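Bear in mind that the values here come from a model prediction, so they are computed numbers and not experimental data.
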Amino acid sequence: MSTSKITVRSATTSDVGSILSLIHELAKYEREPASTVEATEESLLNTLRFTPPHPTSQNLASCLLAFAPSSPEPVGVALYFTNYSTWRGRGGIYLEDLFVKESARGQRIGKRLLGELAREVELMNGGRLEWSVLKWNEPSIQFYKLLGAVVMDEWHTMRVDGKALIELSKVGEGIEGKSTTLM
């Protein structure tokens with residue numbers, strides 16, 4: 001199947017239900033219980049960048065949706081945001097999630113979504129497109145390698161969330177009697 005028959009577009013507010021559904025499908029694919037998905041339609045409306053813009057959105061991340069020729073509903077999603085490379089002195093894109101419905105795999109939809117993101121990096125004169133992949137997800141790892149991606153074995157992903165995040169946020173309190181706001 002030609003990637004030119006696949007439609008890719010930015011998400012609109014009317015897509016929120018479909019985006020949330022794809023997130024739940026992704027959680028199932030990643031062997032996570034449905035209860036781990038905290039996203040809601042409201043939280044997506046308040047955090048994602050939409051075309052046209054939503055008045056309450058913080059525009060923290062963007063979303064591309066992919067449609068197969070015969071499908072009125074999206075069959076693929078890419079959720080991403082900009083990042084920055086201090087060594088390169090340029091921005092880039094971090095792909096938070098890429099998911100294609102099982103019924104639509106093998107139609108080059110994932111490749112098309114990644115191609116759109118690579119084009120976006122080029123347009124911003126960015127330095128790189130990067131993402132994480134679960135170690136057990138060998139089919140995806142091989143797919144990404146075919147596209148020219150390299151595994152960054154020397155890096156570990158670090159995360160602070162939940163109670164640890166709350167405790168860490170208190171570390172800056174009281175220093176010289178001030179708390180700073182970064183953004």
Side-chain angles (χ1 to χ4, degrees), residues 10-13 15-51 53-65 74 76-100 110 113-114 117-118 120-121 124 126-141 144 149-183:
S10 295
T12 67
T13 54
D15 295 317
V16 169
S18 295
I19 295 167
L20 186 57
S21 177
L22 288 164
I23 291 170
H24 280 278
E25 286 187 56
L26 171 63
K28 183 178 177 185
Y29 175 77
E30 291 185 350
R31 304 173 185 165
E32 292 289 336
S35 62
T36 61
V37 176
E38 295 178 15
T40 63
E41 287 188 19
E42 181 180 7
S43 70
L44 295 175
L45 281 171
N46 290 328
T47 55
L48 293 179
R49 180 177 295 111
F50 293 101
T51 305
H54 187 268
T56 66
S57 180
Q58 298 174 54
N59 296 320
L60 300 177
S62 298
C63 180
L64 291 178
L65 296 172
V77 62
L79 287 149
Y80 63 99
F81 51 89
T82 58
N83 61 6
Y84 188 79
S85 169
T86 52
W87 291 3
R88 294 181 181 189
R90 296 190 289 172
I93 287 180
Y94 186 85
L95 174 61
E96 179 65 25
D97 283 310
L98 175 70
F99 179 71
V100 176
L113 285 164
L114 285 167
L117 293 177
E120 194 67 31
V121 172
M124 68 189 297
R128 61 183 170 218
L129 169 61
E130 58 189 348
W131 61 93
S132 298
V133 59
L134 289 165
K135 291 181 180 183
W136 61 259
N137 195 347
E138 196 59 36
S140 292
I141 293 168
Y144 298 144
V150 293
V151 176
M152 306 295 290
D153 288 328
E154 65 276 12
W155 291 87
H156 286 285
T157 301
M158 305 298 292
R159 176 181 298 157
V160 178
D161 63 4
K163 290 180 183 178
L165 179 63
I166 293 167
E167 289 303 311
L168 183 58
S169 75
K170 295 175 183 175
V171 171
E173 289 180 359
I175 297 175
E176 297 181 20
K178 297 180 180 179
S179 180
T180 58
T181 302
L182 299 176
M183 295 168 65

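- Here the CZ-CD1 distance, from Arg128 to Ile93, works out to 13.0 Å after rounding to the nearest 0.5 Å.
- The closest side-chain heavy-atom distance from Met158 to Val160 is not below 4.5 Å.
- Note that OG1 of Thr13 and CG of Leu48 are 11.0 Å apart. Values are rounded to the nearest 0.5 Å.
- Side-chain contact, Ser43 with Asn46: no donor N or O sits under 3.5 Å from an acceptor N or O.
- Contact record, Asp153 with Val151: OD1-CG1, 3.1 Å, taken as the closest heavy-atom pair.
- Looking only at side-chain heavy atoms (C-beta outward), Pro139 and Asn137 come within less than 4.5 Å of each other.
- The one candidate from Pro74, Ser18, Ser10 that meets the side-chain contact (heavy atoms from CB on, under 4.5 Å) condition with Leu65 is Pro74.
- The pair Glu167-Lys170 meets the salt-bridge criterion, with a side-chain N (NZ, NE, NH1 or NH2) lying under 4.0 Å from an Asp/Glu carboxylate O.
- Taken from CD in Glu32 to CG in Leu134, the straight-line distance is 8.0 Å, to the nearest 0.5 Å.
- Considering every non-hydrogen atom in both Phe81 and Ala61, the closest pair reads CB-CA, 4.2 Å.
- Taking CG from Asn83 and CG from Leu95, the interatomic distance works out to 11.0 Å, rounded to the nearest 0.5 Å.
- Scanning all heavy atoms of the two residues, the minimum distance from Val100 to Gly110 falls at CG2-N, 3.7 Å.
- In this structure, the separation between CG on Leu20 and CD on Glu25 is 11.0 Å, given to the nearest 0.5 Å.
- Taking all atoms of both residues into account, the shortest heavy-atom contact from Ser132 to Tyr94 is OG-OH, 2.8 Å.
- The shortest non-hydrogen separation linking Val16 to Phe50 is CG2-CZ, 3.7 Å.
- For Glu42, the CD atom sits in a loose shell: 12 or fewer heavy atoms of surrounding residues, nucleotides or ligands are nearer than 6.0 Å.
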Kindly determine whether Thr82 and Met124 satisfy side chain to side chain contact (heavy atoms under 4.5 Å, CB included), including the steps that lead there. CA-CA 10 Å; Thr82 58; Met124 68 189 297; 4.0 Å; yes

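- Side chains of Leu114 and Tyr144 form a contact here, defined as non-hydrogen atoms less than 4.5 Å apart.
- For Asp97, there are no salt bridge (charged side-chain N to carboxylate O under 4.0 Å, His left out) partners, not counting sequence neighbours.
- Within a 6.0 Å sphere centred on CH2 of Trp136, other residues, nucleotides and ligands contribute more than 12 heavy atoms.
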Kindly indicate, with the supporting measurements, whether the criterion side chain to side chain contact (heavy atoms under 4.5 Å, CB included) is fulfilled by Leu26 and Val77. CA-CA 10 Å; Leu26 171 63; Val77 62; over 6 Å; no

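- Here the shortest heavy-atom pairing between Arg49 and Asn59 reads NH2-O, 2.9 Å.
- The number of heavy atoms from other shown groups lying within 6.0 Å of CD (Glu154) is above 12.
- To the nearest 0.5 Å, the span separating NE2 on His24 from CD1 on Ile19 amounts to 12.5 Å.
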When you look at Leu98 and Trp131, which way does the side chain to side chain contact (heavy atoms under 4.5 Å, CB included) test go after all the steps? CA-CA 9 Å; Leu98 175 70; Trp131 61 93; over 6 Å; no

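- Note: Tyr29 and Phe99 have tilted aromatic rings, judged against thresholds of 30 and 60 degrees for the angle between ring planes.
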